[in-house]
Amino acid sequence: PGKTFSESDQIAVSKRFGRLQVTVRRQYHHGAHPEIYVITNLDPEGRLIPEHPDPAATVWHTDGSYEKNRAIATMLYGIKAPKSGGDTIYSNMYLAYDALSDEMKRQLESLRAVHSLEDSLRRSGPQQIIAEEVQKAPPVEHPIIRVHPDTGRKCIYLGEHASYAVGMPRQEGEELVRKINEQATPPAFQYRHVWQPNDVVIWDNRCTLHKATSFDFGKEGRLIRRTTMIGEQAPHLAG
């Protein structure tokens, strides 16, 4: 709490965790610093834009899982928060894995899921799908059960960027992903962050799902700067 970060400060601190991602979603680029992802319903003069700043953030996800270079960590710096809503909720994917039945663990152990930016945008509500962006982030596959490279613990790696499990009929694969996502996010596994101005939150993107809660974006402003740190390429894509 209570940190005053310039754009340069945020970039410098973030680089301690890994290389900075420049998202393919160019409409969120900070003008002078494309490494910063700006989430806001305010224009440059501070006037309200009466639409949700990032509909894709309102569903459970792990940042950038639709890209081959997966994220290590994410930092959010909250500059302006609404009086009510606009919180960020996190869910622990270590606990989600531990809670699976032995039978489900065996089933998921060898399965991979397709993660797709285009599919995720279609599911998360009305928003413009930009062909150039989805071409730069074609679907990729990741294991559903991930071994954390630092802790050695197993965790679930899904979220709403995951479309379906590979190796089964499409509808069946979609249903399996939906089922596991629901089981992975009960209240007992969650932490809710209620934003105050100048809060900084950093989390391990490899073992955490998160989502933003709704707020009255037609009446209240929200401004958050995001940086995402990458550095681990999925093993099946390593050169």
Side-chain angles (χ1 to χ4, degrees), residues 1-18 20-65 71-91 117 120-121 124-130 133 159-161 185 187 190-205 208-230:
K3 297 297 180 185
T4 302
F5 269 11
S6 68
E7 290 87 347
S8 297
D9 291 336
Q10 185 168 355
I11 289 171
V13 172
S14 299
K15 283 182 175 178
R16 293 178 177 269
F17 294 89
L20 296 191
Q21 177 198 64
V22 177
T23 178
V24 299
R25 307 197 67 200
R26 295 182 61 183
Q27 68 269 39
Y28 294 101
H29 286 185
H30 185 287
H33 304 281
E35 308 98 322
I36 294 178
Y37 187 115
V38 181
I39 308 166
T40 188
N41 63 327
L42 301 171
D43 70 13
E45 286 70 46
R47 296 172 299 206
L48 280 173
I49 302 170
E51 58 186 43
H52 196 285
D54 189 3
T58 62
V59 296
W60 290 109
H61 64 287
T62 181
D63 288 331
S65 67
I72 296 172
T74 297
M75 174 193 289
L76 293 183
Y77 174 49
I79 299 169
K80 184 176 179 59
K83 294 177 182 177
S84 177
D87 306 334
T88 303
I89 308 177
Y90 302 88
S91 192
L117 172 60
S120 179
L121 292 175
S124 60
Q127 56 189 307
Q128 184 179 12
I129 296 177
I130 300 173
E133 293 179 357
E160 291 291 338
H161 294 329
T185 53
Q190 295 177 15
Y191 163 70
R192 177 186 291 257
H193 189 77
V194 180
W195 288 94
Q196 301 295 322
N198 300 322
D199 278 352
V200 176
V201 180
I202 306 172
W203 67 92
D204 191 330
N205 205 60
T208 312
L209 291 183
H210 67 285
K211 69 175 182 177
T213 67
S214 62
F215 70 102
D216 191 344
F217 49 79
K219 295 182 179 179
E220 293 198 81
R222 185 175 188 260
L223 172 57
I224 289 181
R225 294 198 311 245
R226 183 186 110 184
T227 43
T228 300
M229 292 68 89
I230 58 175

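We're numbering straight along the sequence, starting at 1.
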*Any donor-acceptor pair under 3.5 Å linking the side chain of His61 with the backbone of Val59?*
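Confirmed, His61 side chain pairs with Val59 backbone.
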*Thr62 side chain to Leu209 main-chain N or O, any donor-acceptor pair under 3.5 Å?*
no
*asked:* Show every salt bridge (charged side-chain N to carboxylate O under 4.0 Å, His left out) that has at least one partner inside residues 7-17, sequence neighbours left out.
replied: Glu7-Arg225
*Which pairs count as salt bridge (charged side-chain N to carboxylate O under 4.0 Å, His left out) when at least one residue sits in residues 41-50, sequence neighbours excluded?*
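Output for this query lists Asp43-Arg47, Glu45-Arg47.
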What closest approach, in Å, do [X] and [Y] show between heavy atoms, and which atom pair accounts for it?
X: Gln21; Y: Gly64; answer: NE2-CA, 4.2 Å
X: Tyr90; Y: Trp203; answer: OH-CZ3, 3.1 Å
X: Thr40; Y: Pro53; answer: O-CB, 3.1 Å

With [X], which residues qualify under salt bridge (Lys or Arg N to Asp or Glu O under 4.0 Å), at least two apart?
X: Asp87; value: Arg192
X: Glu35; value: none
X: Asp199; value: none

Partners meeting ring pair (Phe, Tyr, Trp, His ring centres under 6.0 Å) with [X] (sequence neighbours left out):
X: Trp195; value: His193
X: His30; value: His33
X: His52; value: Phe215, Phe217

_Reported CD1-to-CD1 distance for the pair Ile36 and Ile11, which is rounded to 0.5 angstrom_ = 4.0 Å
*asked:* Using 0.5 Å steps for rounding, measure from the CD atom of Glu160 to the CH2 atom of Trp60.
replied: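 Between atom CD of Glu160 and atom CH2 of Trp60 there are 11.0 Å.
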Would you give me the side-chain donor-acceptor pairs under 3.5 Å for residues 71-84, sequence neighbours excluded?
from: Thr74; atom 1: OG1; to: Asp63; atom 2: OD2; distance (Å): 2.9
from: Tyr77; atom 1: OH; to: Lys3; atom 2: O; distance (Å): 3.1
from: Tyr77; atom 1: OH; to: Phe5; atom 2: N; distance (Å): 3.1
from: Tyr77; atom 1: OH; to: Asn198; atom 2: OD1; distance (Å): 2.9

*Thr228 versus Thr23: any side-chain heavy-atom pair under 4.5 Å?*
no
*asked:* Do Leu223 and Val38 have side chains that approach each other closer than 4.5 Å (heavy atoms only, starting at C-beta)?
replied: yes
_Please enumerate all residues that pass side chain to side chain contact (heavy atoms under 4.5 Å, CB included) together with Pro34, with sequence neighbours excluded._
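Residues passing side chain to side chain contact (heavy atoms under 4.5 Å, CB included) with Pro34: Val22, His29.
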*Mind running side chain to side chain contact (heavy atoms under 4.5 Å, CB included) on Met229 and Leu20 for me, showing each step along the way?*
CA-CA 5 Å; Met229 292 68 89; Leu20 296 191; 3.7 Å; yes
*Please name all residues satisfying side chain to side chain donor-acceptor pair (under 3.5 Å) with Thr4, sequence neighbours left out, ordered by chain then number.*
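If we apply the side chain to side chain donor-acceptor pair (under 3.5 Å) test to Thr4, skipping adjacent residues, there are no hits.
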*Taking only residues two or more places apart in sequence, or in another chain, which ones meet Gln196 in a side chain to side chain donor-acceptor pair (under 3.5 Å)?*
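Gln196 satisfies side chain to side chain donor-acceptor pair (under 3.5 Å) with no other residue.
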*asked:* So, applying side-chain contact (heavy atoms from CB on, under 4.5 Å) with Arg222, which one of Asn41, Asp54, Leu42 is it?
replied: Asn41
*For His210 and Asn205, what are the C-alpha separation, side-chain angles and deciding distance, and is it a side chain to side chain contact (heavy atoms under 4.5 Å, CB included)?*
CA-CA 9 Å; His210 67 285; Asn205 205 60; 4.2 Å; yes
